[in-house]
Every structure is written in C-alpha cells, then in structure tokens.
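A short worksheet on the structure shown next.
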Amino acid sequence: IAGGAWGYLWYNTKQQVDHIALMAKTCAAIRSGGIDVSPAGSVGVNRLQILLNAINDSITIGSVRLNAPNMLALLNARRQLGKGQLPEALSLSVQQFEIPLDGGILGAGSRTAAHRSPFDDLEALGCGPVLSFGGTEWLEMGYNNFIGNMSVGYRLSSARNLLEFQIDSNSRDWATINVDIGFATSAPVSSVFELATSLTPKLAKLNVIVRDDGFNQRRNTYCAAKAGKPVEAYIADHVRLVVERLNANGVYPGPGLVEAYRRYLTEGGQITIAASPPTPIDPAELRFYKPEDA
C-alpha cells in the first residue's frame with residue numbers, strides 16, 4: 001500500500017510539473033532535478049530552474065513542496081480539491097529560492113511609479129532622492145542576490161468555525177516575517193464555494209513578528225548617505241515622514257508603536273504585534289480603534 005501511494009504521488013506530481021512546463025514553454029523554460037515523496041505527508045520538486053525568455057533572467061529554487069498533516073491527507077487532498085472541497089490543512093513551501101538583483105525580475109533597470117498607493121514605498125521615505133527600493137538600490141546597499149525561504153498555509157477547524165492562515169518567510173541578511181491570522185466564520189466552511197460566498201469573516205487572532213536580520217543597518221547607512229545626514233538624523237526624518245504619510249491617509253499609530261518602530265530601526269531586534277479580541281471582530285472595525293484601545 002505504501003509503495004502504491006508513493007508511486008501515485010510521484011507520477012501525479014511529475015504529470016503536473018510536465019504540464020506546467022509545457023504550458024509555460026513560450027515564455028519560460030522550466031527544468032527540475034527530481035521529485036521527492038516524504039512519508040510524513042509531503043511531496044516536492046527539487047532543484048528547479050526557471051529561465052524567463054522575455055527578460056533574460058532566471059530563478060533557481062532548491063525545492064517546492066506541498067505539505068499535508070499526514071500521507072493519507074495528502075492522498076485525499078487532490079480528490080477534495082477536484083470536488084471543490086477544502087482539505088483540513090495544506091501548505092506550500094519554497095526553500096532556497098534565489099533571484100538575481102541585477103536582472104529584469106526585480107526591475108534593476110527601469111521602474112514605473114504608476115499604480116502606486118499611498119502606502120507603497122514607505123520604507124524609502126527620507127532616503128534623499130530615492131523614492132522606492134528595487135534591484136538597483138539593493139545592489140548599492142551591498143546585496144548580490146535575493147535568497148530566502150517561504151511557507152504559506154492554512155488550517156481549517158469546522159468544529160470551531162475557525163480558519164487560520166500562516167505565512168513564514170526569511171531572506172538571508174534581510175529579515176524574517178511570521179504571520180498567524182485566525183478568522184472566525186459565521187458557519188462551518190467545508191468548500192471553496194462556501195468560503196467565497198460566506199459573510200465577512202471576523203478576526204479571532206493576529207500575531208505578526210518582524211525580525212531584522214541585517215537590512216536595517218544597510219538601509220540606514222545607505223539612506224543617510226543619500227540624504228547627506230547622520231544616521232540618527234535620517235532615522236528621525238524617516239519616522240516623522242512615515243507617520244505623516246499614514247496620518248494623511250487615515251491611519252494614526254499610537255506613540256508606543258511609533259517609538260517601537262524607531263527602536264527597531266535603530267537597535268534591530270524584532271517587532272511583535274499581537275491581537276486577541278475577547279470576541280471575534282470585523283477587520284473593518286480596526287480603523288475605529290484608538291491607540292489606547294489597542
């Protein structure tokens with residue numbers, strides 16, 4: 001039985017990879033180094049290389065894996081999705097992906113400022129003539145490649161009417177981000193249709209951790225030089241401009257959060273934001289909360 005399950009998952013995954021490669025051949029060439037099935041409940045494609053013809057650039061990926069709680073759940077997931085049902089839990093992980101900063105993917109050549117919202121490019125405020133960060137700016141900061149890992153997944157609890165999303169990512173010498181969000185639904189959700197047509201889910205929990213792994217110091221040094229100011233003066237200007245931009249667009253961070261952000265830029269470490277409302281709330285209500293409420 002185990003051998004049959006392994007063979008089914010291997011063959012099915014190979015079919016999917018071959019189909020994707022065939023569909024994408026007009027704009028990209030996709031090469032892979034093998035398929036790996038784990039008895040713990042995951043299947044993956046190793047040593048991927050994606051060559052993008054239009055922009056003459058490439059992405060290399062150590063592995064892409066689909067993860068389920070166990071082997072039986074993994075075998076059942078394809079059947080459930082085919083019927084429009086939501087498996088109890090699934091996640092997709094991408095390990096050791098590498099993107100050159102001097103290629104076309106991250107726009108080291110030319111970028112357009114069209115379609116930007118007021119909340120875009122906040123990290124570049126106060127950086128002298130630099131209005132946004134892209135491949136060119138990151139190269140000037142001393143980076144060569146964007147190397148990292150990412151995992152995105154969910155857990156569904158029909159008994160508790162709870163849908164939880166998890167996002168974990170880290171970039172070498174950059175930052176680590178962990179996000180865990182729980183939504184309480186108005187009724188049990190067992191299908192994609194029910195999820196799409198259900199009432200607005202209510203926020204049951206929120207945990208966000210952002211940890212500096214080296215980017216802050218590089219950005220501070222780079223932007224202080226661009227602005228022609230000492231690092232401390234640049235950070236003060238940057239924080240002030242971020243607050244002004246947020247206030248102008250209806251967001252009013254409290255003094256505690258502003259000070260935490262300033263310390264994060266200056267000292268590194270991590271920022272943790274956690275919310276555990278006594279009863280689930282509509283996410284739209286968050287904008288009515290005053291700093292003291294949070």
Side-chain angles (χ1 to χ4, degrees), residues 52 55-59 97-150 167 169-179 208-273 287 291:
L52 302 171
I55 57 177
N56 192 28
D57 207 348
S58 66
I59 304 172
F97 63 85
E98 183 172 346
I99 305 174
L101 296 181
D102 56 355
I105 296 176
L106 295 178
S110 59
R111 297 189 311 275
T112 175
H115 305 106
R116 295 189 183 277
S117 82
F119 302 107
D120 289 335
D121 305 318
L122 292 176
E123 71 279 4
L125 291 176
C127 196
V130 178
L131 302 179
S132 63
F133 293 150
T136 299
E137 291 73 27
W138 293 324
L139 283 168
E140 292 176 352
M141 290 181 200
Y143 292 105
N144 294 314
N145 297 316
F146 188 84
I147 302 173
N149 308 286
M150 176 174 286
I167 302 173
S169 70
N170 65 78
S171 312
R172 183 184 299 176
D173 300 324
W174 215 295
T176 296
I177 299 175
N178 307 108
V179 179
V208 179
I209 298 174
V210 181
R211 189 185 74 212
D212 174 50
D213 291 333
F215 177 70
N216 282 353
Q217 183 176 358
R218 294 192 189 213
R219 190 263 302 271
N220 292 346
T221 303
Y222 173 78
C223 285
K226 288 289 185 180
K229 300 176 180 179
V231 170
E232 295 77 8
Y234 152 70
I235 292 176
D237 284 348
H238 170 75
V239 173
R240 175 180 56 80
L241 291 170
V242 168
V243 173
E244 289 177 358
R245 174 78 65 85
L246 293 176
N247 290 349
N249 291 277
V251 179
Y252 303 95
L257 183 57
V258 173
E259 176 61 16
Y261 179 59
R262 186 196 65 77
R263 289 186 57 189
Y264 171 72
L265 295 180
T266 306
E267 304 170 15
Q270 70 182 34
I271 284 184
T272 301
I273 301 174
R287 64 192 180 95

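Along the sequence shown, residues carry numbers from 1.
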Surrounding CD of E98 (heavy atoms of other residues, nucleotides or ligands, distance under 6.0 Å), is the total greater than 12? yes
Value rounded to 0.5 Å, distance of CG in D212 from CG in L265: 8.5 Å
Distance check, rounded to the nearest 0.5 Å: L122 atom CG versus R245 atom CZ? 6.0 Å
Taking salt bridge (charged side-chain N to carboxylate O under 4.0 Å, His left out) as the definition, give me every residue that meets it alongside D121, ordered by chain and number, with sequence neighbours left out. R116
To the nearest 0.5 Å, what is the distance between CD1 (I59) and CG (L52)? 5.5 Å
Among pairs that include at least one residue of residues 215-227, which meet salt bridge (charged side-chain N to carboxylate O under 4.0 Å, His left out), considering only residues two or more places apart or in two chains? E140-K226
Rounded to the nearest 0.5 Å, what separates atom CG in N149 from atom CZ in F97? 7.0 Å
If you compare all heavy atoms of G126 against all heavy atoms of A227, which two are closest, and at what distance to 0.1 Å? O-CB, 3.7 Å
For V258, enumerate each residue passing the side-chain contact (heavy atoms from CB on, under 4.5 Å) test, keeping only those at least two apart in sequence or located in another chain. V239, V243, P253
Give me the ring orientation class for W174 and F146: parallel if the planes are under 30° apart, tilted from 30 to 60°, perpendicular past 60°. perpendicular
Please report the interatomic distance CG(L257) to OH(Y264), rounded to the nearest 0.5 Å. 13.0 Å
Which atoms form the tightest heavy-atom contact between H238 and Y261, and what is the distance? NE2-OH, 2.7 Å
Mind checking what makes salt bridge (charged side-chain N to carboxylate O under 4.0 Å, His left out) contact with R211, not counting sequence neighbours? D213
Is there any disulfide (SG to SG under 2.5 Å) pair reaching into residues 208-263, and which pairs are they, with sequence neighbours excluded? C127-C223
Sequence neighbours excluded, which residues qualify as salt bridge (charged side-chain N to carboxylate O under 4.0 Å, His left out) partners of E123? none
Over all atoms of both residues, closest heavy-atom pair of G134 and E137: N-OE1, 2.8 Å
Stepwise, does the side chain to side chain contact (heavy atoms under 4.5 Å, CB included) test hold for Y222 with W138? CA-CA 10 Å; Y222 173 78; W138 293 324; over 6 Å; no
Crowding at CZ, R240 (>12 non-hydrogen neighbours, <6.0 Å): yes
Could you state the interatomic distance from CG (D173) to CD (Q217), rounded to the nearest 0.5 Å? 11.0 Å
When you measure from the side chain of D237 to the backbone N and O of Y234, does any donor-acceptor pair fall under 3.5 Å? no
